[in-house]
*Asks:* 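Dropping a structure here in structure tokens format, bear with me for questions.
Everything numeric in this text was worked out from a predicted model, so none of it was measured. Residue indices begin at 1 and follow the sequence shown.
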Amino acid sequence: MSNYQLYSLNSFATDFDQSLVCDVLIIGGGPAGTWAAWSAASAGARVVLVDKGYCGTSGCAAASGNGVWYVPPDSEAREAAMVSREALGGFLSNRDWMQQVLNQTYTNVNLLAEWGYPFPVDEEGKPYRRSLQGPEYMAIMRKQIKRAGVTILDHSPALQLLVDAEGAVAGATGVNRQKSEKWVVRAGAVIIATGGCAFLSKALGCNVLTGDGYLMAAEAGVEMSGMEFSNAYGISPAFSSVTKTLFYNWATFTYEDGTPIPGAGSQRGRSVIAQTLLTQPVYAILDQATEDMRSHMRKAQPNFFLPLDRAGIDPFTQRFPVTLRLEGTVRGTGGIRIVDHTCATSVQGLYAAGDAATRQLICGGFTGGGSHNAAWAISSGYCSGKSAAEYAQKLGEWGTQRSVQAVGKAGLTNDSQHQINTEEVIKATQAEVFPYDRNYFRNEKGLTESLQRLNHLWKEISTSQVDTHNIVRVREAAAMVATSRWMYSSALERKETRGMHKHLDYPEMDANQQHYLISGGLDQVWVKTEKIKKLEAVGV
């Protein structure tokens, strides 16, 4: 199938084992995707949701507990909530966006309670709604979207977007991993909710998050924003994938001989740990937790303790080795640029939500697990679903009958004899983004050298012969290479230290660089600046 030929509805559908038509197609089945699906269906749209895994269990949110930026509509409380992250994020957040997200998150979390989510109560008997347990949360979301009439395709990763003659997005194609069948969904609008990119680092719940949505969106012409804020690392036991870091607030970090590491438990502790890990092991012990806290901690985050229990380690009384695992843009703030309060991208018919979209609008250049990210997933998911439904409904039947073309390229071309070892490409990409002295602590020399190698990798994989037996892995590898190039190109352009972006050559924050960095391009990556603007209208 040529990537540049226009197809009518009937001729295009004959190339696939499964063909569906809908108003709104959602790619990704985590919190953002399921809220988008529920919102779009509630607005009267016919909705299809496709998930690389099983909607309700795959992704980082489903794997564990998540804090939520849930603040009641009290002016002082809301003001304090907005102020709390502004300095940490380098003053890149937008108050109008923050208010919109706080409003929608408060409404939707309360709706979860109505749906039966078992929120606990505090000592005064009041419901405590600032955290969600992933398994229960996502089970309810799957149940609700099915009840709303959403068609779910599990184990069905999308591979490429469809666009019409004007370049507007009109659906997607993909495969079913269990049946080895091809599918196509024609849609009036598409929402990318595929999460971020953690580069197969084995961080908890993140190995399905390889930047696939970024790649598909970029092939359709979408821009990225804040990709320099992409070097989030999570603390985990050295022998485990669990990167839940809250409990390390009660930890003492030591060298191998048991001597405490100065500054490792402070606000800048992760930098100290990373610096230490460059030359020697780091150990932790949760010895600052009281007896009463210990039982509560086990109930709040049971999976934090599971690998430790399996290893026969009592983390409250015994030291255990720790490491830092790259979580990239999953718990960074970079992602697809959205252009207005509807969560629309710069390409007609395409919307973005959750970790796939930039979060710097509400937390600038720094975030972490849950909290702001969880609130953003809820609110952007809801908003994008509502907006995409309205857009598709204006198109009417023409929206699913127009001629389309598939715009995916990397790893999908038939006219190349060049073959590539996908696993070698992945390992080579990881070698550029995993090391602390290359990604966590950045400098111009290291970034430039990495980019040269990554640009070569992109040339190799973008011109490789299609491998129908390994196509999902090829596209994942291509997405990771593309993501790393936007990351490092943006990092080179931000000649200062701001948020999580630590530039050793420019260790101070520069007031003249209080702007966003927009990036894009595939064969040739580009970066430009954008002023921080006020939100013109609050849509929800």
*Asks:* Determine whether a donor-acceptor pair (N or O, by modelled atom type, separation under 3.5 Å) exists between the side chain of Thr422 and the backbone of Ala477.
*Replies:* no

*Asks:* Would you please test Tyr488 and Ser230 for side chain to side chain donor-acceptor pair (under 3.5 Å) and show each step?
*Replies:* CA-CA 9 Å; Tyr488 282 1; Ser230 51; over 6 Å; no

*Asks:* Is a side-chain donor or acceptor of Arg78 paired with a backbone partner of Val71 at a separation under 3.5 angstrom?
*Replies:* yes

*Asks:* If we ignore hydrogens and angles and just use 3.5 Å, is the side chain of Ser58 paired with the main-chain N or O of Cys55 as donor and acceptor?
*Replies:* no

*Asks:* So, do Met487 and Asn439 sit near enough that their side-chain heavy atoms are less than 4.5 Å apart?
*Replies:* yes

*Asks:* Which salt bridge (Lys or Arg N to Asp or Glu O under 4.0 Å) pairs, counting each pair once, include a residue from residues 113-126, with sequence neighbours left out?
*Replies:* Glu124-Lys126

*Asks:* Who passes side chain to side chain donor-acceptor pair (under 3.5 Å) against Asn110, sequence neighbours left out?
*Replies:* Tyr70, Arg129

*Asks:* So, using ring-ring contact (aromatic ring centres under 6.0 Å, His included) as the criterion, who are the partners of Phe304 when residues are at least two apart?
*Replies:* Phe247, Tyr248

*Asks:* Mark yes or no for whether Asp355, through its side chain, and Asn373, through its backbone, hold a donor-acceptor pair below 3.5 Å.
*Replies:* no

*Asks:* For a 4.5 angstrom cut-off between non-hydrogen side-chain atoms, does Val322 reach Tyr283?
*Replies:* no

*Asks:* Atom SG in Cys383, atom CD1 in Ile378: separation rounded to 0.5 Å?
*Replies:* 14.0 Å

*Asks:* Enumerate the ring-ring contact (aromatic ring centres under 6.0 Å, His included) contacts for residues 312-337, please, sequence neighbours excluded, ordered by first and then second residue.
*Replies:* Phe305-Phe316

*Asks:* Closer than 4.0 angstrom, basic N to acidic O: yes or no for Lys445 and Glu449?
*Replies:* yes

*Asks:* Salt bridge (Lys or Arg N to Asp or Glu O under 4.0 Å): which pairs involve residues 48-71, sequence neighbours left out?
*Replies:* Lys52-Asp212, Lys52-Glu476

*Asks:* Using a 4.5 Å cut-off on heavy atoms from C-beta on, say whether the side chain of Val190 contacts that of Ile26.
*Replies:* no

*Asks:* Scan for side chain to side chain donor-acceptor pair (under 3.5 Å) pairs involving residues 253-264, sequence neighbours excluded, and state none if there are none.
*Replies:* Thr254-Arg319, Asp257-Thr259

*Asks:* Excluding sequence neighbours, so at least two apart, what forms salt bridge (charged side-chain N to carboxylate O under 4.0 Å, His left out) with Arg325?
*Replies:* none

*Asks:* Does a salt bridge link Glu424 with Lys427, judged by any charged N lying under 4.0 Å from a carboxylate O?
*Replies:* no

*Asks:* Between Asp437 and Arg442, is there a salt bridge with N-O shorter than 4.0 Å?
*Replies:* no

*Asks:* By salt bridge (charged side-chain N to carboxylate O under 4.0 Å, His left out), which residues pair with Glu219, not counting sequence neighbours?
*Replies:* Arg475

*Asks:* Checking the side chain of Ser241 only, and the main-chain atoms of Ala203 only, is there a donor and an acceptor separated by less than 3.5 Å?
*Replies:* no

*Asks:* If we count only N and O atoms by modelled type, under 3.5 Å, do the side chains of Ser450 and Glu432 hold a donor and an acceptor together?
*Replies:* yes

*Asks:* Could you walk me through whether Leu361 and Val101 pass the side-chain contact (heavy atoms from CB on, under 4.5 Å) test, one step at a time?
*Replies:* CA-CA 10 Å; Leu361 298 165; Val101 168; over 6 Å; no

*Asks:* One pair to check against side chain to side chain donor-acceptor pair (under 3.5 Å): Gln419 and Ser464. What are the steps and the verdict?
*Replies:* CA-CA 5 Å; Gln419 293 184 328; Ser464 63; over 6 Å; no

*Asks:* Checking Asp314 now: which residues fulfil salt bridge (charged side-chain N to carboxylate O under 4.0 Å, His left out) with it, not counting sequence neighbours?
*Replies:* none

*Asks:* Is there a donor-acceptor pair under 3.5 Å between the side chain of Ser201 and the backbone N or O of Ala198?
*Replies:* yes

*Asks:* With sequence neighbours excluded, what pairs up with Phe441 under the ring-ring contact (aromatic ring centres under 6.0 Å, His included) test?
*Replies:* none

*Asks:* Enter the distance from Ser240:OG to Lys202:NZ here, rounded to the nearest 0.5 Å.
*Replies:* 12.5 Å

*Asks:* Go through the structure and list residues passing salt bridge (charged side-chain N to carboxylate O under 4.0 Å, His left out) with Arg498, not counting sequence neighbours.
*Replies:* Glu496

*Asks:* Do the side chains of Leu92 and Phe229 get nearer than 4.5 Å, heavy atoms only?
*Replies:* yes

*Asks:* Any side-chain heavy atom of Ser93 within less than 4.5 Å of one from Cys363?
*Replies:* no

*Asks:* Hey, can you pull the donor-acceptor pairs under 3.5 Å for the side chains in residues 133-141, sequence neighbours left out?
*Replies:*
residue	atom	partner	partner atom	Å
Gln133	NE2	Ala300	O	3.0
Tyr137	OH	Trp35	NE1	3.1

*Asks:* Are Tyr436 and Tyr233 an aromatic pair, judged by ring center distance below 6.0 Å?
*Replies:* yes

*Asks:* Would you say the side chains of Lys244 and Ser64 form a donor-acceptor pair under 3.5 Å?
*Replies:* yes

*Asks:* Rounded to the nearest 0.5 Å, what separates atom CH2 in Trp115 from atom CG in Leu112?
*Replies:* 6.0 Å

*Asks:* What are the two closest heavy atoms between Met297 and Leu286, and how far apart are they?
*Replies:* CE-CD1, 4.3 Å

*Asks:* When you measure from the side chain of Thr329 to the backbone of Gly196, do you find a donor-acceptor pair of N or O atoms at a distance under 3.5 Å?
*Replies:* no

*Asks:* Could you give the distance from OG1 (Thr210) to CZ (Arg473), rounded to the nearest 0.5 Å?
*Replies:* 8.0 Å

*Asks:* Does Gln160 reach the main-chain N or O of Gly408 with its side chain, forming a donor-acceptor pair under 3.5 Å?
*Replies:* yes

